[in-house]
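Scope of the values below: all heavy atoms of this structure, side chains included, with no hydrogens, waters or symmetry mates.
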Amino acid sequence: MLLVGVAGFTGVWYAAAGPDSGSEPKFGGVYIEGVAGSPARINPLYANQNSTDQSLVSLVFAGLTRLDEHGVAFPDLADTWQVSSDGRVYTFTLRQGLLWQDGAPLTTDDVLFTFELLRSPALRSPPPLAKLLANATISRQNNLTLRIELQQPFAPLPAYMTLGILPAHLLQNQGAASMFDAAFNQRPVGSGPYSLQELTPDRA
């Protein structure tokens, strides 16, 4: 079994609520999870290839949306989203003041960068979302607003927007073809509730 212990990242909406006693949520602490296998690439683009990577990616990274226990999408990095009357155009608005774990601001530049990597023909073993967005027109409206225009209406799109977003400021010189072996995959910087402090073959 692999023991996963990662330091808590102080994102307000990720604070774990304590017992239902009316007390204020507590920050920090240690989260421990046992999983089978060893981490290989802690990168949202490859997480579906390894269950251990998938567990770590879900802690270190955040997507535009998350899913509740019923599989219904609700906001994560995105604060809100709107859909056009014909069901083909989605406009996502990010939360204000988002930061990467190294303190850099997270903007729609990062989201667009991630989706362009995702759709690159050079990306090795892309996740299923790549096919869904393959023919979409994705454009940055401003630092907080991103527009996705589909060729056909697709009502469940927000439920597919859980893919972790990657930091453009750290990976902008890393092409899709070489991303599979990037050093970043062993030393990831995300925007999720936990940051990776140490990685060994049997402990993260």
Side-chain angles (χ1 to χ4, degrees), residues 6-7 9-11 14 39-50 53-54 56-66 75-79 81 90-150 157 160-199 204:
V6 285
F9 181 64
T10 57
Y14 292 113
R41 293 172 182 83
I42 308 171
N43 184 319
L45 298 178
Y46 307 112
N48 62 326
Q49 300 178 22
N50 182 320
D53 292 344
Q54 199 165 24
L56 287 169
V57 162
S58 68
L59 297 173
V60 176
F61 293 91
L64 293 179
T65 66
R66 287 185 286 170
D76 197 351
L77 296 179
D79 187 27
W81 58 84
Y90 284 81
T91 303
F92 290 88
T93 302
L94 299 184
R95 298 176 185 270
Q96 295 195 28
L98 291 173
L99 298 175
W100 290 103
Q101 291 165 354
D102 62 1
L106 190 161
T107 71
T108 48
D109 289 332
D110 300 293
V111 183
L112 184 60
F113 170 77
T114 301
F115 289 163
E116 290 304 319
L117 275 178
L118 173 74
R119 302 194 300 170
S120 170
L123 185 68
R124 182 172 171 181
S125 302
L129 181 61
K131 184 176 181 180
L132 176 60
L133 297 180
N135 297 312
T137 300
I138 305 175
S139 57
R140 172 192 182 278
Q141 306 298 291
N142 54 51
N143 279 348
L144 295 178
T145 309
L146 188 84
R147 185 176 186 268
I148 300 177
E149 182 176 352
L150 305 173
L157 182 68
Y160 286 79
M161 294 290 104
T162 59
L163 181 80
I165 301 304
L166 292 167
H169 71 287
L170 296 179
L171 294 170
Q172 57 190 348
N173 296 322
Q174 186 80 55
S178 58
M179 183 66 71
F180 194 77
D181 296 316
F184 176 88
N185 299 337
Q186 305 299 312
R187 298 187 296 275
V189 174
S191 58
Y194 296 89
S195 60
L196 187 69
Q197 302 297 303
E198 178 187 6
L199 180 66

- Message: Testing the basics here: between A62 and S191, what is the closest heavy-atom pair and its distance to 0.1 Å?
- Response: CB-OG, 3.8 Å
- Scan residues 177-186 for pairs that pass side-chain hydrogen bond (donor to acceptor under 3.5 Å, both in side chains), counting only residues two or more places apart or in two chains. N43-N185, Q174-S178
- Query: Between Q101 and V60, is a side-chain contact (heavy atoms from CB on, under 4.5 Å) present by the stated rule, with each step listed?
  - Reply: CA-CA 9 Å; Q101 291 165 354; V60 176; 4.1 Å; yes
- Query: In Å and rounded to the nearest 0.5 Å, what is the CG to OG1 distance from L98 to T107?
  - Reply: 9.5 Å
- Task: Please tell me if the side chains of R95 and P75 come closer than 4.5 Å, counting only heavy atoms from C-beta onward.
- Result: yes
- Task: Identify the heavy atoms of I165 and F61 that sit nearest to each other, and give their distance.
- Result: O-CD2, 3.4 Å
- Task: Would you indicate whether the side-chain heavy atoms of L94 and L64 approach each other to under 4.5 Å?
- Result: yes
- With rounding to the nearest 0.5 Å, note down the distance linking CZ in F184 to CG in L171. 5.0 Å
- Task: Decide side-chain contact (heavy atoms from CB on, under 4.5 Å) for R41 and V57; before the verdict, give the C-alpha distance in whole Å, the side-chain angles of both, and the deciding distance to 0.1 Å.
- Result: CA-CA 9 Å; R41 293 172 182 83; V57 162; over 6 Å; no
- Note on the structure: Note: H169 and Q172 closest approach over all heavy atoms is O-NE2, 4.0 Å
- Message: For D76, is there any backbone N or O sitting under 3.5 Å from a side-chain donor or acceptor partner on T65?
- Response: no
- Query: For the residue pair L163 and P44, what are the closest heavy atoms and their distance?
  - Reply: CD1-O, 3.5 Å
- Residues that T145 engages under side-chain contact (heavy atoms from CB on, under 4.5 Å), provided they are two or more places apart: T91, T93, Q141, N142
- Query: For R140, what residues pass the salt bridge (Lys or Arg N to Asp or Glu O under 4.0 Å) criterion, not counting sequence neighbours?
  - Reply: D109
- Message: Taking atom CZ as the centre, does F180 end up with more than 12 heavy-atom neighbours from other residues, nucleotides or ligands that are less than 6.0 angstrom away?
- Response: yes
- Item | Q54 (side chain) donor-acceptor with N48 (main chain) under 3.5 angstrom | no
- Query: Any donor and acceptor pair, going by atom type alone, linking the side chain of Q49 with main-chain N or O of P127 inside 3.5 Å?
  - Reply: no
- Message: Working to the nearest 0.5 angstrom, can you tell me the gap between L59 CG and L196 CG?
- Response: 10.0 Å
- Query: Residues two or more places apart in sequence or in another chain: which of them pass ring pair (Phe, Tyr, Trp, His ring centres under 6.0 Å) with Y90?
  - Reply: none
- Task: Could you pull out the closest heavy-atom pair between D102 and A104, with the gap in Å?
- Result: OD1-N, 3.1 Å
- Query: What's the spacing between L144 CG and T108 OG1 if we round to 0.5 Å?
  - Reply: 7.0 Å
- Message: I'd like to check the side-chain contact (heavy atoms from CB on, under 4.5 Å) partners of P126; sequence neighbours left out, ordered by chain and number.
- Response: L123, A130
- Task: Drop me the distance from F92's CZ to I148's CD1, to the nearest 0.5 angstrom.
- Result: 5.0 Å
Could you list the donor-acceptor pairs under 3.5 angstrom formed by side chains in residues 113-122, with sequence neighbours left out?
from, atom 1, to, atom 2, distance (Å)
T114, OG1, D110, O, 2.9
T114, OG1, L166, N, 2.8
T114, OG1, L166, O, 3.4
E116, OE2, R119, NH2, 3.0
R119, NH1, L133, O, 2.9
R119, NH1, A136, O, 2.5
S120, OG, A122, N, 3.1

